[in-house]
Every structure is written in C-alpha cells, then in structure tokens.
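Notes follow the structure.
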Amino acid sequence: MILCCGESLIDMLPRTASTGEPRFAPVAGGAVFNTAIAIGRLGAPSGYLGGISTDLFGTVLAEALTASRVDFSLAPRSDRPTTLAFVTLTDGHAQYAFYDENTAGRMLSEDDLPALGAETEALFFGGISLVSEPAADSYAALCAQAGERLVMIDPNIRPGFITDEPRYRARLEAMLARADIVKISDEDMAWLGTTPAALIEGGVALVLETRGAEGVVAYSSGGEISVPAERAEVVDTVGAGDTFNAGLLAGLWRSGLLARGAVRGAALEDLRPAIALGAKAAAVTVSRAGANPPWETEL
C-alpha cells in the first residue's frame, strides 16, 4: 500500500445562486488527499493517513476516499471540526482563507500515529500539512520511522502559510534528507536554496523537477532525462501536481519498482514509464475543472 500522509480539507468554492446571490460549494480536497484519491483511481493500493472529523464535512471526505478505493483505516477520527478553505477569485486568481484552528487534521499528534505493517510499502508526504503544528511534527516523526520503506516528498512550499520559518526549514530539511524521491519546482528550490544535484548529494535517489507545459526533468546520480508533458487543453491546473505524484507512484507499483532498493538501483530509463504515467494522468486532470484525477480506464 502507498500511504499518503497529510492534509484533507473542504474547499469552499465560489458559486452564484440562480437568484444571483453569492454562494459557496463544499468540495473535498487537499494536496495529499488528492494524491491518495488519484492513486486509488489508477488501480494501485492506496491508503490515507490524516486526522478526519466525524462531522458533516468529515463524512464527505470519508465518502470520497471510499468512492476512489482508498483505505483510510489508519486515519484517526475525532469530533474536532474539519479544516475549511474558502476560495475567492480576483481577476481569475484564487485567494484562500483557511479555518484550521483545533481541527481534526491539524491536531494529529504523535500518539495518533499507527504502527505500520508490512502492507505499507511506501509513504508519501507533502503540502501544507508539513507547516501546521502539531500535525507537521507528527508527520516528520513518521517519516523518521519509515525504516526501509520508500519515501516520497513533494514540499509544495507556500511561503504565505509559514509562520515559523526556522522550524519549518529544519523540519523539511530533515525529511528531505530521508526521502528517496523528491518532486520539486524551481520556486521550491529557490526558496530552499538548493538544486537537484545538492538534493542527490544529500541522499535523494530521484529528483523530479516539474516544468509545467515543458514536462519533467528527472535527475539521479546517473544523470538526467526529460519526459515531455502530454498535450492537453487546459481548463485549470488544480490538482495537476498531486495527480503527477500519484501517477509516478502507481507507475512504480505497476513496474514492480515500489521499493527503496529498487528505485535506488534503477537506471533512469527504467523509471521513465512511471514518470510518463504521472505526466499522462496530470494531463487528464488539467483538461477538466477541479481536482478530478482520471481512472485507470481513462488512460
């Protein structure tokens, strides 16, 4: 199982009622949640770990996970509220107002972490869940306890969310040092002051630099390869990176390479099919509104 560890939330998306009055529509989301959903839809064994509320919105999240074949039996449930993200659009640009104090997701503690069994082959971390404490420290602790499981991280850094930069940097740097696979943008690298070469020197086996319509460049100690983006008529880019992550991990599973030793021992060309699946799946997601990743039958 590929266990996706991090945030789930409800995006409150702006809508207009038939009377012309403004409304908000609740939609299940969150970067790590989206990755878990996409992995399940692509037919790979998907799991989700994050605090889920027993409230109305928590039920929405749980039903969405079930519908996409995601096992969330390791996710602790509580009566704390669900994180809400209200979205407003200004000239087409989204702005977010988060309601995250004392929520089920944010208050995930180290005591809530499950003992991982042999069925958990890989761990995925990322998103804003690596910022908000105490959950961020809990995920860092789980990463440190990964043992010989494959670990992938997508930092997806949002500087506007960071309130304690030194603690966040220290946490993220420790997790990146344990990671086997890192997907990262040029903006992320600029903020961190790092490069693919530096990440590999620090112990990462595979670095994936996403370049939007220009595709992905994959780096390892053996060199680099480029994988082009799939052609698509872009409707919006919500969830594209999350779907790429899912496609890569599902592709490794399909290829029998979902293991720390396998990825570290593989040539980049051996990894190309998994990277290409990530690009292909992401192209479907950008071709339709919202974070709506494809099912395996659509590829």
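The figures here come from the full heavy-atom set of this structure, side chains too, leaving out hydrogens, waters and symmetry mates.
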Exercise. Check the pair Arg288 / Glu298 against salt bridge (Lys or Arg N to Asp or Glu O under 4.0 Å), numbers first and verdict last.
Key: CA-CA 13 Å; Arg288 49 202 191 192; Glu298 297 181 82; 2.8 Å; yes
Quiz item: In Å and rounded to the nearest 0.5 Å, what is the SG to CE distance from Cys5 to Met152?
Solution: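 CE of Met152 is found 13.0 Å from SG of Cys5.
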Does [X] [atom1] have over 12 foreign heavy atoms under 6.0 Å away?
{"X": "Glu201", "atom1": "CD", "answer": "no"}
{"X": "Glu269", "atom1": "CD", "answer": "yes"}
{"X": "Arg272", "atom1": "CZ", "answer": "yes"}

Quiz prompt | Working for salt bridge (Lys or Arg N to Asp or Glu O under 4.0 Å), residues Glu148 and Arg260 | solution = CA-CA 7 Å; Glu148 287 304 305; Arg260 191 178 195 199; 3.5 Å; yes
Quiz item: Pick from Leu130, Ile162, Ile184: which one makes a side chain to side chain contact (heavy atoms under 4.5 Å, CB included) with Ile157?
Solution: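 The residue from Leu130, Ile162, Ile184 that satisfies side chain to side chain contact (heavy atoms under 4.5 Å, CB included) with Ile157 turns out to be Ile162.
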Quiz item: Would a line drawn from the ring center of Tyr96 to the ring center of Phe86 be shorter than 6.0 Å?
Solution: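 No.
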Self-check item: Centroid separation Phe161 to Phe98 less than 6.0 Å
Solution: yes
Quiz prompt | SB check Glu133 Arg167 (cutoff 4.0 Å) | solution =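 A salt bridge is present here (some side-chain N lies under 4.0 Å from a carboxylate O).
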Side-chain polar contacts of residues 247-257 - donor-acceptor pairs under 3.5 angstrom, sequence neighbours left out - could you list them?
{"unit_1": "Arg254", "atom_1": "NH2", "unit_2": "Leu42", "atom_2": "O", "d": "3.1"}
{"unit_1": "Ser255", "atom_1": "OG", "unit_2": "Gly251", "atom_2": "O", "d": "3.0"}

Exercise. Cation-pi check, Arg169 to Trp191: give yes when NZ or CZ is under 6.0 Å from the six-membered ring centre and within 45° of the ring axis, no otherwise.
Key: yes
